[in-house]
Amino acid sequence: MPAATFTAPDGTELAYHVRGTGEPLLCLPGGPMRASAYLGDLGGLSAHRQLVLLDLRGTGDSGVPADPAGYRCDRLVDDVEAWRRHLGLERVDLLAHSAAGDLAHSYAARYPERIGALVLVHARGRALGVDFTTEHRLEAAALRKAEPWYESARDAFEAIWAGTATDAQWDAATPFFYGRWDAAAQAHAAGEVAQTNDEAAERYAAAGAFEPAATRAALAALRAPVLFLAGELDGAPLPRVAADIAGLLPTAELTVQPGAGHFPWLDDPDFFVRTVAAFLRRAGRAHLPAAG
């Protein structure tokens with residue numbers, strides 16, 4: 001099915017893709033600035049909700065902005081709000097993966113009345129002043145010592161966070177991002193380079209993108225249900241860091257998926273879909289008018 005499009009406030013044409021039927025779940029891809037194709041159908045979640053997946057500006061089928069400063073995360077909030085208006089939705093159920101956590105936090109802080117439910121999947125919390133450190137990532141990597149690929153990948157993984165990694169070392173370290181380094185994970189990883197806009201990624205968290213104190217204050221009043229799903233084997237974030245982020249959202253519940261790396265819908269689709277679908281059902285019931 002071809003992508004649908006709408007126009008951002010600055011005139012950039014943006015694309016989104018629809019998978020499945022039912023109540024829409026708007027999905028923001030991470031990377032940062034990776035095309036939404038890597039989300040697939042989120043392990044079969046499209047059987048429960050209609051997935052509406054945005055290609056952020058400069059990625060996938062979306063256009064490139066005239067001003068590259070428009071890649072900054074806080075400026076993408078306007079794109080999400082324009083998308084909501086285009087879809088004609090009064091409130092949105094929003095799912096954000098990885099670096100898109102910053103975008104979801106920023107959007108919810110600016111437009112709390114537009115959030116029906118929020119699903120944060122391995123979400124970054126830089127917009128809230130919580131970041132992942134090299135130590136966090138290496139701590140998670142150490143959990144993989146029993147893997148047959150560990151010895152050959154460890155030095156490459158350390159080089160990534162030291163800022164000295166070659167392309168070959170990035171490739172060698174890729175298994176650390178997946179709970180299972182099987183054929184599905186390898187096929188998924190093979191698309192990463194082509195799907196990512198490196199220039200946009202560099203500008204995503206540029207100076208001025210985040211105001212953590214103001215965002216935390218705004219989200220302290222958020223009343224929409226929030227699910228934070230973290231992975232047992234992921235360092236971005238570690239489960240305890242995920243708990244810190246979730247603790248800044250008054251209605252958040254935290255679930256740690258056993259054996260999951262950074263892409264939990266690949267590692268255990270049944271667990272992922274069951275968890276997210278059940279949360280969204282509960283969230284939907286919470287918005288129903290009281291009987292009587």
Side-chain angles (χ1 to χ4, degrees), residues 27-32 38-39 42-43 45 94-105 108 117-147 150 153-154 157-158 160-161 173-182 185 188-189 212 215-216 219-220 222 224-280 282-283:
C27 301
L28 300 175
Y38 84 94
L39 296 172
L42 287 171
L45 188 59
L94 191 64
L95 180 148
H97 176 244
S98 190
D102 290 328
L103 178 53
H105 293 140
L118 185 58
V119 180
L120 300 169
V121 181
H122 298 236
R124 197 166 73 179
R126 192 175 294 180
L128 300 173
V130 181
D131 210 348
F132 317 144
T133 67
T134 297
E135 290 72 25
H136 291 160
R137 295 181 185 273
L138 295 179
E139 179 181 332
L143 299 174
R144 316 302 294 278
K145 287 182 178 179
E147 300 281 2
Y150 177 80
R154 180 188 57 195
F157 195 70
E158 291 178 351
I160 288 174
W161 311 119
T174 300
F176 282 110
F177 296 94
Y178 294 86
R180 298 182 304 181
W181 188 234
D182 55 13
H188 186 266
T215 302
R216 287 197 303 269
L219 291 182
L222 184 68
V226 179
L227 170 67
F228 198 116
L229 192 145
E232 179 187 20
L233 302 177
D234 193 21
L238 289 169
R240 69 170 184 275
V241 178
D244 291 340
I245 300 171
L248 298 172
L249 305 168
T251 61
E253 57 183 82
L254 173 66
T255 295
V256 177
Q257 180 169 320
H262 198 60
F263 305 96
W265 61 91
L266 290 175
D267 296 323
D268 187 342
D270 290 342
F271 184 100
F272 177 83
V273 170
R274 184 170 65 250
T275 300
V276 175
F279 165 76
L280 290 171
R282 294 195 303 274

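Contact of the His105 side chain with the Ile245 side chain is registered, since non-hydrogen atoms from C-beta on lie closer than 4.5 Å. The shortest distance between side-chain heavy atoms of Asp182 and Leu266 does not fall below 4.5 Å. Side-chain contact between Trp181 and Glu147 is absent, with no heavy atoms from C-beta onward closer than 4.5 Å. Residues Leu120 and Leu249 are in side-chain contact: their nearest non-hydrogen atoms beyond the backbone lie under 4.5 Å apart. Side-chain contact between Leu94 and Leu28 is present, with heavy atoms from C-beta onward closer than 4.5 Å. Inter-residue side-chain proximity for Val121 and Phe272 is flagged as met; some heavy-atom pair is nearer than 4.5 Å.
Ring pair Trp265/Tyr38 is tilted by interplanar angle, where 30° to 60° counts as tilted. Using bins of under 30°, 30° to 60° and over 60° for the plane-to-plane angle, the ring pair His262/Phe177 lands in the perpendicular bin. Taking the six-membered ring where tryptophan is involved, the planes of Phe157 and Trp161 are perpendicular, since the angle between them exceeds 60° and thus also 30°.
A donor-acceptor pair under 3.5 Å is absent between the side-chain atoms of His188 and the main chain of Ala185, judged by distance alone.
Between Gln257 atom CD and Asp234 atom CG the span is 10.5 Å, to the nearest 0.5 Å. In this structure, Leu128 CG and Arg126 CZ are separated by 12.0 Å, a value rounded to the nearest 0.5 Å. In this structure, the separation between CZ on Phe279 and CG on Leu118 is 7.5 Å, given to the nearest 0.5 Å. Between the CZ atom of Phe271 and the OG1 atom of Thr255 there is a distance of 6.0 Å, given to the nearest 0.5 Å. Separation of atoms CZ (Phe263) and NE2 (His97) is listed at 5.5 Å; rounding is to 0.5 Å. Note: Arg154 CZ to Arg144 CZ = 14.5 Å, rounded to the nearest 0.5 Å.
Minimum heavy-atom separation, Gly261 to Asp267: N-OD2, 2.7 Å. Residue Ala142 comes nearest to Tyr150 through the heavy atom pair CA-OH, 4.3 Å, listed as atom of the first residue, atom of the second, then distance. The heavy-atom pair separating Ser98 from Gly30 by the smallest distance is CB-CA, 4.3 Å. Across Pro264 and Leu229, no two heavy atoms sit closer than the pair CG-CD2, 3.9 Å. Of all non-hydrogen atoms in Ala189 and Thr174, the two that sit nearest each other are CB-CG2, 3.5 Å. Taking all atoms of both residues into account, the shortest heavy-atom contact from Pro239 to Leu254 is O-CD2, 4.1 Å.
Listed by first and then second residue, the side-chain hydrogen bond (donor to acceptor under 3.5 Å, both in side chains) pairs that reach into residues 239-252 are Glu139-Arg240, sequence neighbours excluded.
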Item to complete: Could you go through the side-chain contact (heavy atoms from CB on, under 4.5 Å) check for Val119 and Leu280 one step at a time?
Response: CA-CA 9 Å; Val119 180; Leu280 290 171; 4.0 Å; yes
